[in-house]
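This report concerns only the one structure given below.
Only a predicted model underlies this, so the values are computations on that prediction, with no experimental measurement involved. Counting starts at 1 for both ligands and their atoms, in listed order.
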Amino acid sequence: MTALGRPEGTVRPRAALHTDAPSIDLSGAWRFRLSPTADAGDFWAADFDDSAWDTLPVPSSWPMHGYGRPAYTNITYPFPLDPPHVPTENPTGDHRRVVDVPAGWAGERVLLRFEGVDSLGRIWVNGAEVGFTQGSRLTHEFDVTAHLRPGESNVVAVRVHQWSAGSYLEDQDMWWLPGIFRGVTLEVRPAGGIDDVFVHAAFDGGRGTLRVDAPAGARLSVPGLGLRDAAVNTDHLLDGVAPWTPETPTLYDATVSTDAETVSLRIGFRTVAVVDGILTANGRRIFFRGVNRHEFHPDLGRVVPLEVVRAELALMKAHHVNAIRTSHYPPHAALLDLCDELGFWVIVENDYETHGFEQNGWRNNPTDDPRWTDALVDRMRRTVERDKNHPCVVMWSLGNEAGVGRNLASMATVAREVDPDRPLHYEGDRSCAHTDVHSRMYATPDEVAEIGAAAGGLPFVLCEYAHAMGNGPGLLTTYRELFERYPRCQGGFVWEWLDHGIRRGNQFAYGGDFGEPVHDGNFVIDGLVFPDRTPSPGLAEVGAVFAPVRLVADGDTLTVRNGYDHRDLTGVTLEWTLAVDGAPVATGTEPAPPLAPGESAALSLPNGAVAPPGAGEAWLTVTALAGGLRVGAGQLRLREAAPRPRRSGRRFAGDTLGPAVFRAGELVALGGLALRGPRLDLWRAPIDNDIFGRDPVAERWRAAGLHRLTHRVVSVASGEGLTVTSRVAPAGSDRAFEATYTWTADDDAVTLALHVEPTGDWDVPLPRAGVALAIPGRCGRVEWFGGGPGEAYVDSDTAALVGRYESTVDALQTPYVRPQENGNRTKVRRAVLTDPAGAGLELLGHPTFELTARRWSTAELTAARHTDDLVPGRDIHLHLDAGHHGLGTAACGPPPAPEAWLKAEPFDLVITFRAL
Ligand code: GAL
C-alpha cells in the first residue's frame, strides 16, 4: 500500500538533548529563489551559480519577507480536496547555504537536523539528495556522513514546497506560511556517544524513583541528590526529593556521560496518573488554568524569537496561567525547557488536523484511510520521542479536529509504546476509545455541569473554552465555579493566547487583507494578547479569575481562600488599603494565614482597617502578593454611600434651567460648556461575540433596527424643572421605546432622571441601555471613582476594583484589531472630564452608571474594519449607561449567561451633570 505524506530518508527520531558533541548552527543568510511551481529546475549541484539569487534569513516564513503572501483559512483547505494531490501552482522556495565543516569532523558520523520546514523540504548535500521532510512542525534528521567533505566548503540545498500531501494533515486554523521556520544544524554523533535518553522520574510522598534509559555503560550523575556516576537503565530510589509541580518547579541538574559525549538534563520528579477517574499529579487533583498557544509573530510569522517566548511565558505566569496546550502541533523545543523551568503543565499536540474534510462529509479523511497510517504514526512517534524528557509534559494529544477512524488507534498505540506513562488526549472522538481523558471544546456551562455530575467516567477537560475573540471572553467565573464544584471537571484551556495579526503600518492585518480568494477574516484574531503580545482586557480578567489567593466578601468579613493546588500560603503578604470615596485613609501589611491548598478562613485585620466615623463610601481593598507578583485581590464594602441628593429648586425659564440651556427639549449647554444630548442610545458597535457563532445576536439587533433608531419629541413640559418625553423607534416598525427625561436643577448643576419603557414585543436583548452625548474634544482628561482601572462588562468584571482612577479618553480605548465596542468603565459613581485648564464636566451617578468615552461615534466604530479607520473627530462621544448586554463567548461557544442578558425591559438612569 502506498504510504502517503511521510518523510523519507530520516534517521530514527530521538529526544531533543543538550549535548557537548560538536555542532554547527546553520541559521543566518541563505541564498533564496522563489518559483511559482514545484519544478523550478536543478539548483542543488555544489557548483550551481546562485549569485543572482536573493538572500533570506533562515529560519523564516518567506511570505513575511516579501515573497508571495500570507493566506488565512480556518477550516476550509485553500486548495481542492483531491488527496494526496496539490495544485500545480505550488510556491517553491529553493534555499542554498555554504558551510565550512572542520577537518576534525573527518571520520565522524554527522546528522543534518531540521526543526521545522513548512511543508515539505527536499534536501541535498553537495549535490546528493539525502531525503525529504514532511511534517511541518516536526524534527527530521538525515545522516549526511557519506556526502559531507570535512575540511572543505559544503553546500546544503533545500527545496521547500508550500504544498505537499502533508498539507492535507495540517489544516490547523492559522496562516499558511511556508518556509524553513525553525533551526537547522549539523551535528556530530560521536561513536560511543549518547543518541537518545529517556528520563523516568516518579514522585511518591517525598521519595523519587529515577531511571534513565541510555546506552549501556553510560553513567548518570545528579549532584543535587548525591548520585555520581550511577548506573543507567536501573531504578534509583531517592529520599528527600522535592517534587516538580507548576507551583514548585524544582529541577535537578543531571548529566549522562560516556567517554565520548555528555548530555545535560534537568530532571523534575512527578507522577501523573488517573486515579479513580481524576487526573492527578503526585496524588493531588490537577486543575488546568490553561491557554492554547500557537507559535506566531506579527513580523516574522512562524518564527518566534526566544526572548519573545520567555516574555510571553512570564506574562502567562503573571496572570496565573498554569497550563499550555500546544495547539495544534509540537512547539519549538526550547518552549518546553522554559515550561520545565517556570512551571507549566503542557499538553503537547501532534502536528495533525484534517478539519476541512468535515465540509465534505469527512469523505476520504486521512484519519480513516490506511494509506495515511504510516505518516500519522510517524508524526505521533516524532512528537513523543522529541519531548519525552520534560516534566512539564502532562499528556500527549493525537491532534486536533481530525474526525474519527482507524488511524487514531494506530497513533495511540505508538504513543503508548514509546511512552507508557503519560495519558493521551484527543478531542475529536466523542467515544474516547483511545484516550485517557474526556475532552471537549466550547461545551456550555450546562453541559459541563451534566458531565461533572455524571457517575463514573474519565477525567474531563475543556481543551478549548472561553473563545477570546475581540472583546471578551465573558463567563470565566461561571466555568471556574463548575471546575471547583465537580472534581472530575479539571479545568480547561482558553482559546487562545495570541491574536495572529500581521503588522501592516500602525495596524494589524487579518484574513482577506492579502487578497486571498478564500479566507476566514478576523477569526484568526482571537487571543488574550494582541499580536504584539500586549495584554488585552481579557487577559486581565483571566489573571483575576485564575488568581490563586481568593479574597471574597462574605457578609461583613473578607474570606481568604488558598486556591493553589500544591503550596500553602506561607510567604504570601496581604496589603490592605482602607479608602473613603476612593481616597486612601489607612494602609497596612499582614502575612497571609498559612492555609493549606483548598482551605479558607475569615480574614482578621488590625483595628485600623475599619471605616472611620463620618459619611462616604468606604472600601477595604486587600491585595495578596508573593514573590513580587499579585496573586489575588478582593474588596469589602464597609459603608455604603449615602444617597446623593438630586439637584432641584430652579424653575425652567426661557431656555434655561439653572445652569443648563435647552433647545427643543435637548440640553445644548451647561455653564460655559457646549453639549449635545444626552439622548437615548441602545446601540453598541457589535463585538465579535455578537457577530459570529450559531445565532448571532447582532443580526437580530439589526433586524430590529436598533442601530437606526429615530427620535420624536412628543412633549416638553416645564415648570419646576423640565420634562421631555420622546418616542424612539426604528423606521418600518411599530415597536418603540418611550423615554421620559426629567430635568431638575439648582444653581450649580442639573439632574437627569431618565425613565424608559419599551412598547410592543421586543423579543431581542438590547446592546446597551443608556444615553449618548457629545462634549468638546478638549476635555480629554478623565478621572473617575468606580470600577477600574481597565475595561469591564457585566460578565467580565472580576479584574475591576472600585477605586479612584485617572486616564485620558485616548487611553480608555482598547485597540481591538477589528474595531468593536470597548472601553467601558463599570459602576462609576463619579466621573470628571476636563481640559488642560481644568474646565469640563462632572458626572455624578445615582448611584452608578457605566461610562464609555471616545473620539468617534458608535456608528464610526461600527463601520471600522481596522484600527486606522478610526479617526478622531472634533467631539468626545460619551455613553452613560444603566447596563450593557454581556460579552459571553458566542463567537465560538455559549452566549452570555441569562443573568448577563440585557432584556428589553423598563429601566431608569439618574445622573447629575455639573460644568467645571
Ligand atoms: C476550534 C479549533 C481551533 C480554532 C477555534 C476557533 O474548533 O480547534 O483551532 O479554530 O475553534 O477559533
Subject >> F460: ring-ring contact (aromatic ring centres under 6.0 Å, His included) partners, not counting sequence neighbours >> reply: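 F460: ring-ring contact (aromatic ring centres under 6.0 Å, His included) contacts with H438.
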
**OP:** State which residues pass ring-ring contact (aromatic ring centres under 6.0 Å, His included) with F79; sequence neighbours excluded, sorted by chain then number.
**Re:**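 Applying ring-ring contact (aromatic ring centres under 6.0 Å, His included) to F79 gives Y77, W163, Y168.
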
**OP:** Tell me the residues surrounding ligand 1, counting only those with a heavy atom closer than 4.0 angstrom, sorted by chain and number.
**Re:**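 Those residues closer than 4.0 Å to ligand 1 by some heavy atom are N74, D173, H328, N400, E401, M441, Y442, E464, H467, W495, F523, D526.
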
Considering only NZ, NE, NH1 and NH2 on the basic side and carboxylate oxygens on the acidic side, decide whether [X] and [Y] come within less than 4.0 Å.
X: E496; Y: R293; value: no
X: R182; Y: E295; value: yes
X: D118; Y: R137; value: yes

**OP:** Using the side chain to side chain donor-acceptor pair (under 3.5 Å) rule, collect all pairs that involve residues 507-517, keeping only residues at least two apart or in two chains.
**Re:**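 Matches after skipping sequence neighbours: D513-H866.
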
